[in-house]
Amino acid sequence: MADATKTTPKIQILKGAAADLSAATYQIFDESHTMGNALRWMLMKNPKVEFCGYSVPHPSENHINVRIQMYDELSSLDALLEALSNLDDLCETVEQKYQDSLATDTYERWEEQS
Amino acid sequence: MAAATFDTRKHVGVYAEHVSNVSSTDYPGHYPHEDHSWDPDQFRQKCNVQVNRLSNRSIDFDLVGVDASIANAFRRILIAEVPTIAIEQVYVWNNTSVIVDEVLAHRLGLVPLNVDPSFLEFKESPSIQATDRNTLVFKLEVTCTRNRNTPKDVTDPKMLYNNSEVLSSDLRWVPQGEQEEIFAANIPTPSNPNIVLAKLRPGQEVNMELHAVKGVGKDHAKFCAVATASYRLLPLVVLNPEKPIPPSSAHKFQKCFSPGVIRVDPVTKEVSVDEKNLRNESMSREVYRHVEFEDCCQLARVRDHFIFNVESEGFYPPERLLPESIKVMRSKIATIKKAAEGLLASKDSNADVEMAEG
């Protein structure tokens, strides 16, 4: 596994992508449904994205394919980058809300035997 | 609070034999003249996290206002990708117990260790040299002997013999290199000292050296940071105002639901839903089995209200688990982003974009 991690690039654009990248399939190495579905959702939240879907082509292959098609010949790579930073903001917000709730100390506390 | 109505945009319908409106529809272009595009400020307003219960071993919290794909990502990361420390290599010098070496080694691997994974690095492959930065060493040296001082009629092995059981508390940490200082505040031990690993009888002994490394749950379940991590959607019972429950069957209606979910007015026998206890509803759909209650109510679930339950048995206190999973998620995002930026740079510099064989 260690050798594959070193030689395989994290993202590859699969054959058949439009030259301006307005429609492309990105193969993301070492990722699964975890990032695939979250990324697909955030990309679909972008009104400039015409279509977005992901798949895990085979359970024994350690990668996912993310297909992005754009309106107006826009770059899908830009949309991907935007989705990634939006997803990061989302994580930050959720973490903040969680820490706020944990700090209020209005919840029930109890002891459990392990 | 006004009586709830079933809203196909917000709720998943639950029927006797099927469910409806499962997928979320809040995407741009789904509804004419509605936006639904990603808006961080709107998300900040809508998103809500509420801790309900916290113990030394588990946490219950509500995550409201996010899509299932996000809630599921956190859950999946908790199970498979939050790093922990577990025993990976077992060197058996002597094992005369009745448990064979490989079974004992497997049991040892599953013992949760009370070690902060942030102090260690990943040992990416077995061929990489073990150092004080990536490996913890434990010794397990237990010999069973006869206890000469027990009275004649005693049959309890714990009194008859010394060390009749090998327990997780018998693991002895052997500091390597800098580890003595790094782990001084929190000496590595199993988080539960009472796990029975093997049983011994006089003359039997176990003598092993154990190497613990950092790993993640997707490599082996022994590295799983949580005991369980699960979520369910908030249940909802929508009463039909057009068809109220007759007072004579109010208690029968109440019994179709989990205790506390349905209130019956002691005087008027009027039926209402207890919003606070609604989350305890088991969604047994018992109410659909009675013809007399047909069209009286509709069962549903709130699509963006996730009730999380996370239990911990290892190093992490339960309240630290969600932040850890968010940290892992953000580092995954950063890795992909860096790679995507690399792609963009190679495209801008007019080089041909690397195309993989489909």
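In what follows, chains are A, B, ... by sequence order, proteins preceding strands, each numbered from 1. Scope of the values below: all heavy atoms of this structure, side chains included, with no hydrogens, waters or symmetry mates.
With respect to chain A, the highest number of heavy-atom pairs below 4.5 Å among B/Cys47, B/Ala334, B/Gly342 belongs to B/Cys47. The candidate from B/Val66, B/Asp67, B/Ile70, B/Asp39 with the greatest count of non-hydrogen atom pairs under 4.5 Å with chain A is B/Asp67. If you tally non-hydrogen atom pairs under 4.5 Å between each of A/Asn46, A/Leu39, A/Leu81, A/Asp89 and chain B, the highest count goes to A/Leu81. In terms of heavy-atom pairs under 4.5 Å with chain B, the best-connected choice from A/Asn65, A/Leu87, A/Thr106 is A/Leu87. Taking A/Val49, A/Leu90, A/Asp78, A/Ile28 one by one and counting their heavy-atom pairs under 4.5 Å with chain B, the maximum is reached by A/Leu90. Interface summary for chain A: among B/Asn194, B/Asn56, B/Ile326, B/Asp26, the most heavy-atom pairs under 4.5 angstrom belong to B/Asn56. Between chain A and the residues B/Ala80, B/Ser24, B/Ser58, the most heavy-atom pairs under 4.5 angstrom are made by B/Ser58.
Of the atoms belonging to B/Pro323, heavy atoms from both backbone and side chain fall under 4.5 Å from chain A. At a 4.5 Å heavy-atom cutoff, the contact between B/Glu81 and chain A is made by side-chain atoms alone. In this structure, the portion of B/Leu63 lying under 4.5 Å from any heavy atom of chain A is its side chain and not its backbone. When heavy atoms are compared at a cutoff of 4.5 Å, A/Ala83 does not approach chain B at all. Looking at A/Leu80, only its side chain comes within 4.5 Å of chain B, counting heavy atoms on both sides. Of the two parts of B/Lys338, neither the backbone nor the side chain holds a non-hydrogen atom closer than 4.5 Å to a non-hydrogen atom of chain A. Of the atoms belonging to A/Gln99, it is side-chain heavy atoms, and not backbone ones, that fall under 4.5 Å from chain B. The part of B/Glu313 that comes within reach of chain A is its side chain, from C-beta onward, which places non-hydrogen atoms under 4.5 angstrom from that chain. At a 4.5 Å heavy-atom cutoff, the contact between B/Pro318 and chain A is made by backbone atoms alone. Using a 4.5 Å cut-off between heavy atoms, A/Ser85 touches chain B through backbone and side chain atoms alike.
Stacking of A/Lys48 on the aromatic ring of A/Tyr71 is not recorded, the 6.0 Å distance cut-off and the 45° axial limit not both being met. Because its NZ or CZ atom is both nearer than 6.0 Å to the ring centre of B/Tyr31 and within 45° of the ring axis, B/Arg9 counts as a cation-pi partner of that residue.
Using a 4.0 Å cut-off between charged side-chain N and carboxylate O, A/Lys10 and A/Glu31 make a salt bridge. Salt-bridge annotation for B/Asp41 and B/Arg44: present, with a side-chain N of the basic residue lying under 4.0 Å from a carboxylate O of the acidic one. At a threshold of 4.0 Å, the pair B/Glu88-B/Lys222 counts as salt-bridged, since one of the basic side-chain nitrogens sits closer than that to a carboxylate oxygen.
Note on ring orientation: taking the six-membered ring where Trp is involved, the planes of B/Tyr231 and B/Phe308 are tilted (angle from 30° to 60°). Note: B/Trp38 and A/Trp41 have perpendicular aromatic rings, judged against thresholds of 30 and 60 degrees for the angle between ring planes.
Donor-acceptor pairing under 3.5 Å is lacking for the side chains of B/Thr228 and B/Ser230. Defined by atom type and a distance below 3.5 Å, a donor-acceptor pair is missing between the side-chain atoms of A/Asn37 and B/Asn72.
Contact annotation: the side chain of B/Val216 never approaches that of B/His220 to less than 4.5 Å [non-hydrogen atoms, C-beta and beyond].
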Step-by-step salt bridge (Lys or Arg N to Asp or Glu O under 4.0 Å) determination, B/Lys218 to A/Asp30: CA-CA 11 Å; B/Lys218 64 179 170 184; A/Asp30 198 18; 3.7 Å; yes

